[in-house]
Each structure stands twice: as C-alpha cells, then as structure tokens.
Amino acid sequence: MSKTDTQTTDPVCGMTVDPESARSSSYHGEGFFFCSESCQQKFDGDPSAVLTKAAQRQAEQQEETHSTHSCCSQGGAKGATEKKEASDPDAIYTCPMHPEVEQVGPGDCPICGMDLEPKFVDMADEGDEQQYRDMKRRFWVGVVLSVPLLILAMGPMVGWNLAEAMSDIVFGWLQFTLATPVVFWCGWPLLVRGVKSFRTMNLNMFSLIAVGTLAAFLFSLFVVLFPAMIPEAFFENGKPPLYFEAAAVIITLVLLGQVLELRARQQTGGAIRELMQLAPETAHRITDDGEEEVALGDVHQGDQLRVRPGEKVPVDGTVVSGSSSVDESMLTGEPIPVKKSEGDEITGGTLNQTGALVMEAVGVGGDTVLHRIVQMVAEAQRSRAPIQKLVDVVSRYFVPAVIVCSILAFIGWSVFGPEPRFAHAFVAAVAVLIIACPCALGLATPMSVMVGVGRGAKEGVLIKNAEVLEVMEKVDTVVVDKTGTLTQGRPEVTGIETFVDWDEKEVVKLAAAVEAQSEHPLAQAVVRRAKTDELSVPDAVDFNSITGGGVQASVDGQQVLIGKADLLDDQSIGGVDAGRERATQHQSEGATVIFIAIDGKLAAVMAITDPIKESTPAALETLHELGLKVVMLTGDAQPTAKAVAEKLGIDEFHAGVSPEDKHDFVKRLKDEGKVVAMAGDGINDAPALAESNVGIAMGTGTGVAIESAGVTLVGGDLRGVAAAINLSRKTMSNIRQNLFFAFTYNALGIPVAAGLLYPFFGVLLSPMIAAAAMSLSSVSVIANSLRLRSASLE
C-alpha cells in the first residue's frame, strides 16, 4: 500500500500504479498513491476505514492464493469469476457517455443518469448482463400491468366502456392499483435519476421523464382522493380526468427504450467478447512432479507450459522446445500458419496446429498482447469525439428550455385553449416534457463510436480513442516507412559480389560473425544466410557500432568493417569505387547494398532485399482511390528508394532520412496545412508517429511505435490504413446522420406536442404517443448506429 522501489498499490481499488505519476496523500507520516482523483478523495475522507478494508482485502487474497489455484481475476475458471465478484465493489466504474466521470463501485452518472460501467475489462467477464436483465424484468412487469390499465382507460374509444360496470371511486382506485407498481417499482431507476438530476442541477432526459410521469400520476391521485376540489376547466365528459394510464405507459415505453439501448450496447461489445474468447481457460504447466492443468490466472512469468496440437496458446511466451505451425490469423488476418521452433515468440490466443510445443511464459495476465488489445478497444469505445462537445453545449441548455416550453404550453392552453382548458393544458405540458427527452441526442455520438470502434477491432484496426476516429476522416496525406510497412520486414541476402579473390562463403562467415552482435534487420539477414549455407560462424571480438551506419570487429585476427560506401571511404578503405559500380544494378532493383571490408580492403558487396508485402500494391491503390497522397520516407539509399517508389506508384519519396528527418518532414507537412497520417513500425518511426495528426503503428512492430500511435493495425498490413480511413469516414457520417435526426426530431416534436397542429387539424398529441415517439427516436438512432457493424471497410 505504500511506496516501493518500483511500484505501489492504490489502497482504495487495489490497482498497481506508478508512484512518480500517481496522485498522492500522506497519513500518519506515510505516503499513499492513487490511480484517480475519485480514489484519492475517498481515501482523504476516511483514511482509517480505507486502510482497514485494504488490509482485509489483502488478507483475503492471500488466503485464496493458498487455498486454490483458480482465484486470479484473469482467465475463465470458476475461481476467477468468484474473485471478480468479490472485488467488484472496489472496481473503478465510469460513464459510457461521460468518461471523465469515475467512482469506486457501481452507480449512475451524475450528468446523464446512465448506469456506470467497469473501467477496466476483466478477461474473465463474459459481459455484464445484470443491468440488462433487471431493466427487461421491469419492462415486462410494466407491460403486464399497463395493458389492462390502458384497456380500462381507453376502452370507451372502441366501445369497451368498462367504467359503467363500477363506481367512479372503484374505477379510480383500480387504475391507481395497476399504475402504482409500474411508476414506483418498474420506473424507480428512472425516477431516482430524475430526482438526482435536480439535486445536482445536471438536468437530463430523466429530469423530463420524472417531471412528466409524476405530474400525471400525482394529479390523478389527487383526483381520486379529492374529486370535489378539481376545477371544472379540467373536466372531460363531465368528470375530472385520470392520467394513471399515461404515467404507466410512458414509464413502460421509456423502459422499452432502455432495454433496446442496453441490448445494443451489449452488441457493440461483441468485438471485445470475441477477443476474450480467444484465450483458453486453462494451461498445462510443467513442474518437477510432472504436468498439471491450472487456471490461466495461475500462470506466472517464467512458467514452462506445454501446448498440444489443436490447443490455443495460453499466454505470450517463447518456444523452449518443439516445432509446429501456429495459426496467427487472430493477430495478422493471414490464413497461412507460421512455423515456430526453439527461440521463436508466440502469442496468447493463437492456435497451435501440427506439433507439440513447450513454451516459457513471458507475458501473463494484463501483460499479454490479447489483454492489451481488449483494454485498448474498451477504452476507445468509452472515449468522446470532439463533435460531442457540440451535443454537450446544446444539452446543457436544452432541458431547462424544454421545461420553460412546457410551462408556456400550459399557460397558453389555460388562457386561450378550448374547454376543458386545464385538461388540454395539462396534456400539452406533459406531452412536451416527454417528447423532448434528449435520449436520442445523447445516444447519437457514443453509439456510433462504440459500434465503429468494435467494427474496426474485428478487422484488426484498433482505434485508441474517438478523437483519433474523427481526425482520421480529415487525413489527406499518408506518410509511410518502407521497411516493415511496405515490405515484409524480414530482409534476405539476394546477391553477393566478391573482390580480390575472396571466397563468397568465407566472406559470409566473417560478416555473420560481426553482424551476430547487432539487432539490425539487415544484420539478421546476414546471420540467416550463414545458417542457410550451414557455415560455422566464429566469435567476433572488439565489436563496435560506428555512428554513421556501420559495425566493425575482429574475427580470427582479421579486421572486418561493414557499412555504407561513404563509411568505408571515411575509413580509407581501398576499392570502394569498384564496389559502387557493382552496387548500382542491385539498388536499381530495389535492394539495399552493404559493403564489407577485410583488413583495410573491400572484400564484397552484399545485396539485401526486403520483399514487398503481397497486399501492399492493392492497399496503395485503395488509398489513391480515397483521394490520398502517399509519401514514402526511408533510410535507404536513393536508387533503392526510387526503385521501390516507382514499382509501387508512390506519389513522393525521400531517401536517406533519419528519425529526426522523418519527424521534421511530418511537421513541415502539417505547417503547410496538411492533415497527416504516419504509418510505421520501428523505434525510429516513433517521433514521426507522435508528431503526425494520426499515428498508425503496425501491430507487428515495436511497443514504442504502438504507444506513439493513435491507430494500431494488429496484422501489420497496410490495407488496414485504408480500412481505418474508411471506418473513420463512415463512422463520422453515421454520427452526423444521428445528430441530424435527433435535432430534427426535437425541433419538430416540441411544437407538435405543444399543440401547433390543433388549430389546423384539431390534433392534440397524447403523452403516451409522445412517449412512443420518443422511444422510437432512440431506437432509430440505435438502429442507424448498428448499421456500421456490417459496413464494408474495403
């Protein structure tokens, strides 16, 4: 609970946080650190109680750890679910419409009244169905009680005048009996939110629902209790009217809208649930006593696990022994299995196909690629697009304006309306309140964002937040790196030209000895060539990486220098000009050429080619069809870059650029008014990714590149760039459609409910019809948003 050398635990929610960046408070001379302001406030309010609860929680966790192997919150075993339920009250919850709202434990949003959701997705969670089931139960109870109530009240219109068979008192109390459970049990969550909105003065749709239904119900109750006190101006057919059925039906219709909304929100989470299901529930851990099956949450870093043919890889790790083909389509989208053998990395959730593997767990729990993807998608679905600010401004003034309109409608009908004036006035006032509920307006942007982000996740396009989604639509220039973005990122030696009677295999052996100590992709290509030729590679000593593009070392008493031609010139190596002549042909074919000098003289030039991805030409064609300019930046030589650019039809290219040059080039484009998306996969791309309007990281690249980007393409395929831009354009179009519909609905609905049509057609809108129209508007917005689930991103 207190600070340690590397990390600390939030005493309120139990999350691990970084002391250097976390919020902090002191208590009895000891420092405590917090993940959020809400946790800090809860601690400051009663530190003693928080620390007592934290100690109890820690003791329970230790007890569970000793008593069972299935207690961790990760994984799908029963113990995982039990632990999750036990820790739910301390989880951080947030509003799907207002992500800035956070609190410990469940509740409802103080701004919009919606139920809060867990901020951090539990991999064991199969979806929170409780709220949906509760609302659905309340809705069906409302239907069962509202239907007979509606028949009692509206029956005379179709010749079913059941009131004639009973007295007015019995008739009134019967309606009261049917309506009361609907309003005060079925509609209780709605009324609570409405009352809270007035207490906090964050008026929202529930404010209008609470005022409208309670007005109708309480007026009707007053009529039943004190019928003699009702003015004749309220009378209909010689009797004071009852609006029990209006209150009950309004509640039931609003609940229907809530049920449909919750159902739609569950559907938007389908992408997350599909990702979660990729992880197996258990793993086979190898111990000194043999092999045991354990829950996924009990797998720790360093454990050795056996993965049999046909099983899913449980966590991220490295192959220790065995070889197999692994289906990585869940990550890359490519159906062709990838060969895995000793030393290769494998990812949790991928499918082992042909052989048995023994792996060492490296990334477990929240450190797996799969878990990070799930959290990224969940956070993006809760984020807010800048366009939402417009909705927030409108909503801030909208509800008070509606209440004023309702009052004015009541006054207008009371003064100028036909008899019964007060009855007409009351109906109009309630109808205005109900039809103007801004639920469609509130759903317009978040629903599209949730569906759009989920749709992208299914295609391997991970959007960091809604702001990225909105900016991506405006992109007009795409800047791409060459290696690993346009190409496969796995270069191979494709040609060797030797000099001074040097033997090709001897040169490869000496070069591989030096390059074995380098992590550069070109160096690894040389090492792989030595392995392919089955050469015995000696050890190199005195290795040195030279600034300017090269390496040198001593191998078997010979001085070996590898690098660019200019580097060899700087080192006064002889024969470099002859090497340049040989290199030109290889470079014109798109190969990168390295120069190898041994004992002060040029020994060979080696051509290394990084094959272009099969999908790259089609992806670039799609980007051009979308009206985008494509620019390639690469550190390769000019002839190599030119060959690749001409082959792929790239609009503009720049060769020999450094990471700083890439950053400066992107900044210059932005200064010219361009909206730039930068796609790259390496550490050297991170500065440019961060500088661009939208950074796009290849998921096959480095963690630094992914952290610097707003979009991650899980499969590392450039087609994902086109898919991301298509997704952005369709999502933003969908948002505008929703906003147009919501604004238009309210602009037309309020005057109609206030009685605009009455002078012309004698039509006065019933509060029940207004409630149905309000629910229909929300359903329309939801249905329009869900269309994105089947939208083509090609």
Side-chain angles (χ1 to χ4, degrees), residues 332-334 336 456 459-463 471-491 521 587-592 609-657 662 665-666 669 674-682 684-685 688-689 692-701 705 709-730 792-794:
T332 65
E334 296 295 333
I336 301 174
E459 296 293 325
V461 178
L462 305 183
I463 308 293
V471 174
M472 177 70 82
E473 181 200 27
K474 304 169 186 174
V475 166
D476 52 29
T477 305
V478 177
V479 178
V480 296
D481 176 47
K482 180 178 77 72
T483 305
T485 302
L486 301 176
T487 63
Q488 294 179 5
R490 187 180 172 87
Q587 290 174 332
S588 66
E589 296 172 354
T592 299
T609 303
D610 189 3
I612 293 172
K613 294 178 182 177
E614 293 182 5
S615 60
T616 296
L620 291 172
E621 184 179 348
T622 302
L623 291 174
H624 284 132
E625 290 174 354
L626 291 171
L628 301 170
K629 179 181 180 180
V630 181
V631 181
M632 181 182 75
L633 303 181
T634 178
D636 261 335
Q638 177 78 8
T640 302
K642 182 179 180 181
V644 172
E646 290 179 347
K647 182 177 182 179
L648 294 175
I650 291 173
D651 302 307
E652 180 182 336
F653 73 92
H654 297 271
V657 295
K662 291 182 179 181
F665 181 80
V666 170
L669 286 177
K674 304 291 186 183
V675 182
V676 183
M678 166 73 189
D681 73 331
N684 63 330
D685 297 320
L689 288 169
S692 63
N693 296 99
V694 180
I696 304 175
M698 301 297 170
T700 51
V711 177
T712 299
L713 308 180
V714 177
D717 192 330
L718 196 62
R719 286 176 298 188
V721 176
I725 291 173
N726 264 324
L727 174 67
S728 171
R729 293 182 178 182
K730 291 185 177 183
S792 173
L793 302 184
E794 297 179 356

Review point. Given the rule in the side-chain contact (heavy atoms from CB on, under 4.5 Å) test, do Val479 and Leu669 qualify, once you have shown the distances and angles that lead to the verdict?
Key: CA-CA 10 Å; Val479 178; Leu669 286 177; 3.7 Å; yes

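- Rounding to the nearest 0.5 Å gives a distance of 9.0 Å between CD1 of Ile463 and OG1 of Thr712.
- The shortest heavy-atom contact between Val666 and Ser692 is CG1-CA, 3.6 Å.
- Residues Ala677 and Val475 approach most closely at CB-CG1, 3.8 Å, considering heavy atoms.
- A distance of 12.5 Å separates NE2 in His654 from NZ in Lys662, rounded to the nearest 0.5 Å.
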Exercise for review: In sequence, state the C-alpha distance, the side-chain angles, and the governing distance for Leu633 and Val480, and then conclude on side-chain contact (heavy atoms from CB on, under 4.5 Å).
Suggested key: CA-CA 6 Å; Leu633 303 181; Val480 296; over 6 Å; no

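- Here the OG1 atom belonging to Thr634 is positioned 15.5 Å from the NZ atom belonging to Lys642, to the nearest 0.5 angstrom.
- For the atom pair NZ of Lys629 and CG of Asp651, the computed distance is 7.0 Å after rounding to the nearest 0.5 Å.
- When all heavy atoms are compared, the tightest approach of Ala722 to Leu626 is O-CD1, 4.1 Å.
- Within the 4.5 Å cutoff, the side chain of Met678 has no heavy atoms near those of the Phe665 side chain.
- Glu625 CD: more than 12 foreign heavy atoms inside a 6.0 Å radius.
- Separating the CD1 atom in Ile696 from the CG atom in Asp481 is a distance of 13.0 Å, to the nearest 0.5 Å.
- Within the 4.5 Å cutoff, the side chain of Val675 has no heavy atoms near those of the Thr477 side chain.
- Listed here is the closest heavy atom pair of Thr616 and Leu486: OG1-O, 2.8 Å.
- Between Ala591 and Thr640, the closest heavy-atom pair is O-OG1, 2.6 Å.
- Taking CD of Glu621 as the reference point, atom CZ of Arg719 lies at 13.0 Å (rounded to 0.5 Å).
- With hydrogens and angles disregarded, a donor-acceptor distance shorter than 3.5 Å links the side chain of Ser728 to the backbone of Glu473.
- Residues Leu648 and Ile612 meet the side-chain proximity criterion, which asks for heavy atoms closer than 4.5 Å.
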Exercise for review: Let me see the working for Leu623 and Ile725 under side-chain contact (heavy atoms from CB on, under 4.5 Å), right down to the final yes or no.
Suggested key: CA-CA 9 Å; Leu623 291 174; Ile725 291 173; 4.2 Å; yes

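- Asn693 places a side-chain N or O within 3.5 Å of a backbone atom of Val676 that can act as its donor or acceptor partner.
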Practice item. Tell me, with the steps shown, if Leu713 and Val461 meet side-chain contact (heavy atoms from CB on, under 4.5 Å). Key: CA-CA 5 Å; Leu713 308 180; Val461 178; 4.1 Å; yes

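- Using a 4.5 Å heavy-atom threshold, the side chains of Val478 and Val721 count as touching.
- Minimum interatomic distance between Ser588 and Ala643 (heavy atoms only, all atoms of both residues): O-CB, 3.2 Å.
- With respect to Asp610 and Lys482, no salt bridge is recorded, no charged nitrogen being found less than 4.0 Å from a carboxylate O.
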